[in-house]
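Here's the structure we're looking at; comments come further down.
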Amino acid sequence: MGGIGKTALAVEAAHRAREKGWFPGGTLFVDLRGYDDDPVTADQAVLALLDALGVRSQDLPPTPERQSDAYRTLLAERRDRTLLILDNASDPSQYLPLLPGTDHHRVLITSRDRPDSLGVRLIDLEALPPDDSVALVTRALHDTDERDDRPAREPTALLELTNLCSHLPLALQIAAGMLRRRRHRGIASLVAEIRDTENPAAVLDRGSPGTDVYGRSLVLRPVLETSYRRLPADQARLLRLLCLAPGAETGSEAIAALADLDIKPALSLLEDLAARYLVTPVPGGDGTPFGVRWRVHDLVRAFGVGVVVGHARLREEGEAARERVLGFYYRWANAADDRLRWLPGMVEPERFADRGQALAWLDSERAGLVAAALWAREERYRDRAVLLALCLGEYLDWRRYFDDKITVCRTAQEAAHRAGDRHNEAAAWGNLGLALRKAGGVEEAIDAHTHDLDLCQAVEDRHGEAAAWDNLGLALREAGRVEEAIDAHTRSRDLRQTARDRQGEAKAWGNLGLALREAGRVEEAIEAHTRSRDLFHAIEDDHSEARAWNNLGIALEEAGRVEEAIEAYRKDLQIGRDFEDWYGAGQTLENLALVHEVTDRPADARAYWLQAADAYARADAPTEAAQARTRAAELPE
């Protein structure tokens, strides 16, 4: 892309090659200005090359055709190998007539467009790695003043600055120039200025130090603008809309929805944009074209958003596109959520044949889904975005993305409250409470579930009220308010029995069992967990049945019925092995390890601790995994 450092790299390579004696005939350099309003033609370039080769004025052939012939003849007769740099080409017609008719010489071409139709070796340049970005700015400052110790004093601010520059060499060079001028101010001051405007390109362009060593203007916007202006209308439209997509990377299907295109035309346009280095393909896990994701460089995204915002017609086009992609995300997130909650006898959800497919899609689109759910802050997208946020609750909980879930649920709750939508506000409070509790915010969770309960009672939503009592009971138990928890779970169970909600009743029995065990009423807890297990088995909710076996095992172990407890834990693992609930598996394996320690079977306990560590690692729970490995190391093999 523009500003990536193509010319600088080509010139540096040429200098090093000459130092090694690879090109005794020297280097010929032509700037083809391919992205200017008046690019250099091949005929004009030939004149410049002939001049560099010593053919001037009266020695010039009279016509472009004869001038080209003279140029090729000179190169063919030139015995000393020469390097020809054709810089900044936008079209093969600029450089194909300039290629030597012999392989004796070498040619290096730089371009923002990928010439896939030609048999040339391609070297793609991407943004710098973070460490290299930091090194570039540090060296630029030290080359000017070796006493400039700001990079050493402000390493965090320097790294943030390079992130804001998106590791684009042109942006980094401009930032370094700005820091040179404000040498008595810290790096953090420039970071704060960029953060305040939320537009790195605007700040950098205002502070641009002028030109580089090649005499080119060090300004970001014209570099991006020239690339954009050269695009055909359909590619320009897709790029603009893609800059509005939620998330840093977007799947092909979501982009097709965004642009209101069928998938194949959308892929074709995306490939054209990738050939111009305006988007980057990120291969997906399924290996199909539809599985490819597409990333837009942050500075290109900011430019594209600016183009849309600055034009009324384009703003309306962009808002309609955002509505389409939000509808796409809601449709399939809802179907995926239905699959995660599906039980035998329910209507089959769209698209996803099993949990694995639903989870794979949600995993691949997670960043976009979460970002789209946050559009609930905007009135135009509020209602659909709130529904999307509620669809994500089960998934984010399953994958233990509690920070994402808290952010999404808070946004949905606030949006529903502003809209006076008490049903969805209650649901958002409930999901928020579950996330807060699992993230360690128990008191906040109690408050959230109380809000949920009050709203459900106000709108006479008995199903929601039952769920709210159950969730409130879980938080109360964790806060040590066990008797209140028992009362809450009992109320939930009674409401669900009245409504003949067997799945809800099973959950309530299980949660009641946990509270009863906490209160020391172990035999009652065993009875509650047994009822929960039997109900889940009857409705064929295998995953919940597995967790009920685990809870029953804990109660049996506390009652001294150790062998029954071990059998219950093994039942949990046996039933739940197909669900990829690695955190739950880790907990069960931990329980098996503990019971084998208590019964003086250290080798078996060690093996279970190691299996628990592996399960926790797969669940992205490094603290629990490390603790399990430590426990295993303390036991003999």
Side-chain angles (χ1 to χ4, degrees), residues 1 113-114 116 126 166 224 227-228 231-309 314-336 350-352 357-358 360-375 378 380-381 384-385 388 391-392:
M1 62 177 289
D113 295 278
R114 183 183 177 94
D116 289 312
E126 297 181 354
S166 303
L224 300 172
S227 292
Y228 173 73
L231 294 175
D234 53 355
Q235 292 180 34
R237 174 180 177 270
L238 183 60
L239 180 64
R240 287 194 305 271
L241 298 182
L242 183 51
C243 290
L244 303 176
E249 296 176 5
T250 310
S252 301
E253 287 186 287
I255 295 172
L258 185 78
D260 198 20
L261 294 171
D262 290 336
I263 185 67
K264 290 184 179 179
L267 279 170
S268 179
L269 289 173
L270 286 164
E271 288 161 353
D272 290 339
L273 290 171
R276 297 173 183 266
Y277 296 94
L278 291 168
V279 303
T280 303
V282 183
D286 61 3
T288 68
F290 294 0
V292 176
R293 304 183 61 72
W294 303 85
R295 182 172 62 242
V296 182
H297 192 278
D298 289 347
L299 293 174
V300 174
R301 181 184 295 276
F303 169 79
V305 170
V307 170
V308 172
V309 169
L314 298 184
R315 279 200 305 275
E316 182 55 39
E317 175 189 69
E319 288 170 355
R322 292 177 74 197
E323 285 183 343
R324 285 193 299 269
V325 78
L326 183 56
F328 168 85
Y329 276 140
Y330 172 63
R331 176 184 179 183
W332 296 121
N334 190 34
E350 284 189 275
R351 179 172 182 160
F352 304 109
Q357 287 185 11
W361 184 84
L362 289 164
D363 286 340
S364 68
E365 297 290 348
R366 176 183 137 222
L369 289 164
V370 169
L374 300 183
W375 289 353
E378 301 176 52
R380 177 166 180 157
Y381 312 108
R384 185 68 62 84
L388 173 61
C391 286
L392 296 177

key: Pairwise distance CG(L269) to CG(L261) - rounded to 0.5 angstrom   = 6.5 Å
task = Quick one: sort the F303 and Y228 rings into parallel, tilted or perpendicular, breaks at 30° and 60°.
result = perpendicular
request  = Classify the ring geometry between F352 and W332 as parallel (under 30°), tilted (30 to 60°) or perpendicular (over 60°).
outcome  = perpendicular
key: Interatomic spacing from OG1 in T250 to CG in L258 - rounded to 0.5 Å   = 7.5 Å
ask   = Should we say atom CD of Q357 is surrounded by more than 12 heavy atoms from elsewhere, each under 6.0 Å from it?
value = yes
remark   = Scanning both residues in full, the closest heavy-atom pair of V305 with C243 reads CG2-O, 3.5 Å
task = Might you point out which heavy atoms bring L267 and S252 nearest each other, and give the distance in Å?
result = CD2-OG, 3.5 Å
query = So, for A371 and G247, which heavy atoms are closest and what is the spacing to 0.1 Å?
reply = CB-N, 3.6 Å
inquiry  = Rounded at 0.5 Å granularity, tell me how far CG in L273 sits from CG in L238.
reply    = 5.5 Å
note = Nearest heavy-atom approach of P246 to V325 is CD-CG1, 4.2 Å
ask   = Closest approach of L326 and A385, non-hydrogen atoms and distance?
value = CD2-N, 4.0 Å
query = When rounded to the nearest 0.5 angstrom, what is the spacing between CZ in R301 and OG in S166?
reply = 10.5 Å
ask   = Is the closest side-chain heavy-atom distance between E323 and R380 below 4.5 Å?
value = yes
remark   = Closest heavy-atom pair, A333 versus L369, reported as atoms and distance to 0.1 Å, is CB-CD2, 4.1 Å
key: L241 backbone acceptor or donor facing R322 side chain under 3.5 Å   = no
request  = State whether the side chain of H297 and the backbone N or O of L278 hold a donor-acceptor pair below 3.5 Å, judged by distance alone.
outcome  = no
remark   = OH of Y381 to CZ of R384, rounded to nearest 0.5 Å, is 12.5 Å
message = Just so I know, are the side chains of V300 and L239 near enough to count as touching, which here means a heavy-atom distance under 4.5 Å?
response = yes
ask   = With no hydrogens and no angle check, is any side-chain donor or acceptor of R295 less than 3.5 Å from a backbone partner on E249?
value = no
query = Considering only heavy atoms from C-beta outward, does the side chain of W294 approach that of T280 to under 4.5 Å?
reply = no
query = Rounded to the nearest 0.5 Å, how far does CD1 of I255 lie from CZ of F328?
reply = 10.0 Å
ask   = Are R351 and E253 within salt-bridge range, i.e. N to O under 4.0 Å?
value = yes
key: Results of side chain to side chain contact (heavy atoms under 4.5 Å, CB included) for N334 - residues two or more places apart only   = Y330, D338, C391
query = Less than 4.5 Å apart, any side-chain heavy atom of E317 and any of V308?
reply = no
ask   = Do Q235 and R276 touch side chain to side chain, with heavy atoms closer than 4.5 Å?
value = yes
ask   = How far apart are the C-alpha atoms of V370 and Y329, what are their side-chain angles, what is the distance that settles it, and do they pass the side chain to side chain contact (heavy atoms under 4.5 Å, CB included) test?
value = CA-CA 10 Å; V370 169; Y329 276 140; over 6 Å; no
key: Any side-chain heavy-atom pair of P281 and L270 under 4.5 Å   = no
task = Compare all side-chain heavy atoms of V282 with those of V292 and state whether any distance is below 4.5 angstrom.
result = no
